[in-house]
K.L.:
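The structure that follows is given in the form of structure tokens.
For clarity, every value in this text was computed on a predicted model and none was experimentally measured. Count residues from 1 along the sequence.
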Amino acid sequence: MATFGYRRELKKYEEVDEDELLATLSSEELQELERELADLDDNVPIGLRQKDQTAKTPTGSFDRDALLKYWEDENKKLVEDERMEVQPNFLSCYRVQEGRPDKSRGERVTVTPNECKKEALIRSKCPQKNGLSKVSRSESRKTETTDQNLNATSDRASGNPIVIDETLEQILCDDPAISEVNLNNIEDISQETLLRFAEALCANTHVHVFSLANTHADDRVAFAVSKMLRENRFIRNLNIESNFVSGQGILALLAALQHNSSLVELRFHNQRHICGGKVEMEMVQLLRENTTLLKLGYQFDLPGPRMTATSILTRNQDQQ
């Protein structure tokens, strides 16, 4: 009988609003309650042992859509700020400037119509299939400019020994001796130079690996690389990790995969901008249209897109 009486006493506490009850307690009473609960931790499962370590008042219920919109708006602001800092008056991918730079004062050489003529001249000097002699390595070094963005030495902090203008010339000539282009960690390479590499690779048939991780590449470079993937049928590995590409640039890369059947590995993780849930959902929709990509270097934040992407890559591997 004593047990039934005890149970009847407990029933009056079943409908008590705990939040309302806690709201009536003073700060001293809450601290005393925490000390009492700390003594009961031995009887509480480990996963439920958590103290209230914040005095901040609640801001309201969780709104997922509002949070995603806030992240997207912040990403757009960051992209606009970076564009203003890097090149405030940028009007096109290849900006035309009046006059020539003064090399004696260390001014940078930008891409102008004359530079395009220079690339066309390089193409005319490239060896054809009739067995003409190639431009020697020593001759190409004589034509190096003083622009640090076009020169490369072993004294770089990154340790990347690539010679920029010589490699670009080999790509334009479709030199079979070069099958990998590694621009990783080159700290002084300009965005215009990266754009020229992407343009040169459009018609190249011998380069299979293109890496430009940690080169401050932005959306302009991502769009140019996307165009390259639509035209190039020989690139198999692309690495554009650790850069400044936003969600729109990532989506452009994935959209190009619908027109590309040669790329098997794509890496674009660790960008400065957070893609967000909406972009990740669009990513997997674009991935469904590709059947040849086998490796994807990106860590999804949402479990749904992550599982979908894994199943898509597994499907592609099974078909291979």
K.L.:
State plainly whether one hydrophobic cluster holds both L229 and L294, where clusters connect Ile, Leu, Val, Met, Phe, Trp and Tyr through side-chain heavy atoms under 4.5 angstrom apart.
P.N.:
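Different clusters: L229 never reaches L294 through Ile, Leu, Val, Met, Phe, Trp or Tyr contacts under 4.5 Å.
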K.L.:
Could you go through T215 and N184, starting from their C-alpha distance and side-chain angles, then the distance that decides it, and tell me whether this counts as side chain to side chain contact (heavy atoms under 4.5 Å, CB included)?
P.N.:
CA-CA 6 Å; T215 55; N184 292 348; 5.7 Å; no
K.L.:
Any heavy-atom pair between the side chains of F197 and I164 that's under 4.5 Å?
P.N.:
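Heavy-atom side-chain distance check passes, below 4.5 Å.
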K.L.:
Any link between I240 and L251 through a network of hydrophobic side chains (Ile, Leu, Val, Met, Phe, Trp, Tyr) touching at under 4.5 Å?
P.N.:
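Same cluster.
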K.L.:
Let me see the working for V209 and R236 under side chain to side chain contact (heavy atoms under 4.5 Å, CB included), right down to the final yes or no.
P.N.:
CA-CA 6 Å; V209 180; R236 294 179 55 83; over 6 Å; no
K.L.:
I'd like to check the side chain to side chain donor-acceptor pair (under 3.5 Å) partners of N232; sequence neighbours left out, ordered by chain and number.
P.N.:
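With sequence neighbours excluded, N232 shows a side chain to side chain donor-acceptor pair (under 3.5 Å) to no residue whatsoever.
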K.L.:
Roughly how far, to the nearest 0.5 Å, is CD of E72 from OG of S246?
P.N.:
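Between S246 OG and E72 CD, I get 11.0 Å after rounding to 0.5 Å.
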K.L.:
Quick one: pull up CZ in F268 and CD1 in I250 and give me the separation to the nearest 0.5 Å.
P.N.:
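The CZ atom of F268 sits 5.0 Å away from the CD1 atom of I250.
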K.L.:
Only pairs at least two apart or in different chains count here, so list each side-chain hydrogen bond (donor to acceptor under 3.5 Å, both in side chains) that has a residue in residues 307-320.
P.N.:
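For residues 307-320, and leaving out neighbouring residues, there are no side-chain hydrogen bond (donor to acceptor under 3.5 Å, both in side chains) pairs at all.
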K.L.:
Would you find a donor on one side and an acceptor on the other, under 3.5 Å apart, between the side chain of E199 and the backbone of A224?
P.N.:
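Flag not set: sc E199 to bb A224 has no pair under 3.5 Å.
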K.L.:
Looking at residues at least two apart in the chain, or sitting in another chain, which of them share a side chain to side chain donor-acceptor pair (under 3.5 Å) with E280?
P.N.:
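Result, side chain to side chain donor-acceptor pair (under 3.5 Å) vs E280: Y298.
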K.L.:
What closest approach, in Å, do L302 and G277 show between heavy atoms, and which atom pair accounts for it?
P.N.:
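Nearest heavy atoms, L302 then G277: CD1-CA, 3.4 Å.
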K.L.:
Give a yes or no on whether V264 and L253 share a hydrophobic cluster (residues Ile, Leu, Val, Met, Phe, Trp, Tyr; joining criterion: side-chain heavy atoms under 4.5 Å apart).
P.N.:
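No, no single cluster joins them.
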K.L.:
If every non-hydrogen atom of L168 is compared with every non-hydrogen atom of A200, which pair is closest and at what distance?
P.N.:
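Looking at all heavy atoms of both residues, the closest pair is CD1-CB, 3.8 Å.
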K.L.:
Do N185 and N160 get their side chains close enough for a donor-acceptor pair, meaning under 3.5 Å?
P.N.:
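On atom types as modelled, these side chains do not qualify, holding no pair under 3.5 Å.
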K.L.:
Is there a side-chain contact between N243 and R272 in this structure, where contact means two heavy atoms from C-beta onward sitting under 4.5 Å apart?
P.N.:
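Heavy-atom side-chain distance check fails, nothing below 4.5 Å.
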K.L.:
For residues A252 and S226, report the shortest heavy-atom separation together with the two atoms involved.
P.N.:
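Closest heavy-atom pair between A252 and S226: O-OG, 2.8 Å.
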K.L.:
Around atom CZ of R306, are there more than 12 heavy atoms from other residues, nucleotides or ligands closer than 6.0 Å?
P.N.:
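Correct, the count exceeds 12.
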K.L.:
Roughly how far apart are N204 CG and E231 CD, rounded to 0.5 Å?
P.N.:
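Spacing of CG (N204) from CD (E231) equals 12.5 Å.
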K.L.:
Check the hydrophobic clustering (I, L, V, M, F, W, Y; side-chain heavy atoms under 4.5 Å; chains of links allowed) and say if V279 and I274 are grouped together.
P.N.:
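In one cluster: no.
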K.L.:
Would you mind listing every ring-ring contact (aromatic ring centres under 6.0 Å, His included) that reaches into residues 204-247, with sequence neighbours excluded?
P.N.:
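Residue pairs with at least one partner in residues 204-247: H216-F244.
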K.L.:
Sequence neighbours excluded, which residues qualify as salt bridge (charged side-chain N to carboxylate O under 4.0 Å, His left out) partners of E74?
P.N.:
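E74 satisfies salt bridge (charged side-chain N to carboxylate O under 4.0 Å, His left out) with K77 once adjacent residues are dropped.
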K.L.:
Who pairs with K76 by side chain to side chain donor-acceptor pair (under 3.5 Å), at least two apart in sequence or on another chain?
P.N.:
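By the side chain to side chain donor-acceptor pair (under 3.5 Å) rule, K76 matches no residue at all.
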K.L.:
How would you list all residue pairs meeting side-chain hydrogen bond (donor to acceptor under 3.5 Å, both in side chains) that involve residues 254-270, not counting sequence neighbours?
P.N.:
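Sorted result for residues 254-270: R230-H259, N237-E265, E241-R267, S242-N270, N260-S262, E265-R267.
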K.L.:
For the residue pair F300 and M307, establish whether any side-chain heavy-atom pair is separated by less than 4.5 Å.
P.N.:
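Contact flag for F300/M307 side chains = no.
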K.L.:
What's the separation between atom CG in L212 and atom OG1 in T193, rounded to the nearest 0.5 Å?
P.N.:
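Nearest 0.5 Å value for the CG-OG1 distance: 12.0 Å.
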K.L.:
Take L263 and T292 through the test side chain to side chain contact (heavy atoms under 4.5 Å, CB included) and record every step on the way to the result.
P.N.:
CA-CA 7 Å; L263 194 71; T292 57; 5.9 Å; no
K.L.:
Got a sec, which pairs hit salt bridge (charged side-chain N to carboxylate O under 4.0 Å, His left out) with one end in residues 284-296, sequence neighbours left out?
P.N.:
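Every pair satisfying salt bridge (charged side-chain N to carboxylate O under 4.0 Å, His left out) with a residue in residues 284-296: there are none.
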K.L.:
Listed by chain and number, what are the salt bridge (charged side-chain N to carboxylate O under 4.0 Å, His left out) partners of D73, not counting sequence neighbours?
P.N.:
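Expected list: K69.
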K.L.:
Within a strict 4.5 Å, meaning less than it, do heavy atoms of the S179 and V207 side chains meet?
P.N.:
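A side-chain contact is absent here, since even the closest heavy-atom pair is not under 4.5 Å.
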K.L.:
Considering all heavy atoms of both residues, which atom of M281 and which atom of P305 are nearest to each other, and what is their separation?
P.N.:
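Closest pair (atom of M281, atom of P305, distance): SD-CG, 3.6 Å.
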K.L.:
So which heavy atom on I178 is nearest to which on Q170, and how close?
P.N.:
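Smallest heavy-atom distance, with atoms named: CG2-CB, 4.0 Å.
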K.L.:
For the residue pair A217 and L194, what are the closest heavy atoms and their distance?
P.N.:
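That closest heavy-atom pairing would be CB-CD1, 4.0 Å.
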K.L.:
Do the non-hydrogen side-chain atoms of L287 and L296 ever get within less than 4.5 Å of each other?
P.N.:
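SC-SC contact between L287 and L296 confirmed.
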K.L.:
Are V245 and D218 close enough, and set up right, to give a side chain to side chain contact (heavy atoms under 4.5 Å, CB included), and what steps lead you there?
P.N.:
CA-CA 5 Å; V245 182; D218 57 12; 6.0 Å; no
K.L.:
Restricting to pairs with a member in residues 158-192, which pass ring-ring contact (aromatic ring centres under 6.0 Å, His included), not counting sequence neighbours?
P.N.:
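Qualifying pairs: none.
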K.L.:
Quick one: CG on L293 to CD1 on I312, what's the gap to the nearest 0.5 Å?
P.N.:
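If we round to the nearest 0.5 Å, L293:CG and I312:CD1 are 10.0 Å apart.
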K.L.:
When you group the ILVMFWY residues by side-chain heavy-atom contacts below 4.5 Å and let the links chain together, are L313 and L238 in the same group?
P.N.:
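Per the 4.5 Å side-chain linkage, L238 and L313 are co-clustered.
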K.L.:
Could you list the residues that satisfy side chain to side chain donor-acceptor pair (under 3.5 Å) with T291, not counting sequence neighbours?
P.N.:
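By the side chain to side chain donor-acceptor pair (under 3.5 Å) rule, T291 matches no residue at all.
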K.L.:
For E180, enumerate each residue passing the salt bridge (charged side-chain N to carboxylate O under 4.0 Å, His left out) test, keeping only those at least two apart in sequence or located in another chain.
P.N.:
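E180 satisfies salt bridge (charged side-chain N to carboxylate O under 4.0 Å, His left out) with no residue once adjacent residues are dropped.
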K.L.:
Mind checking the CD1-OG1 spacing from I171 to T205? Nearest 0.5 Å is all I need.
P.N.:
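Answer rounded to 0.5 Å: 12.0 Å.
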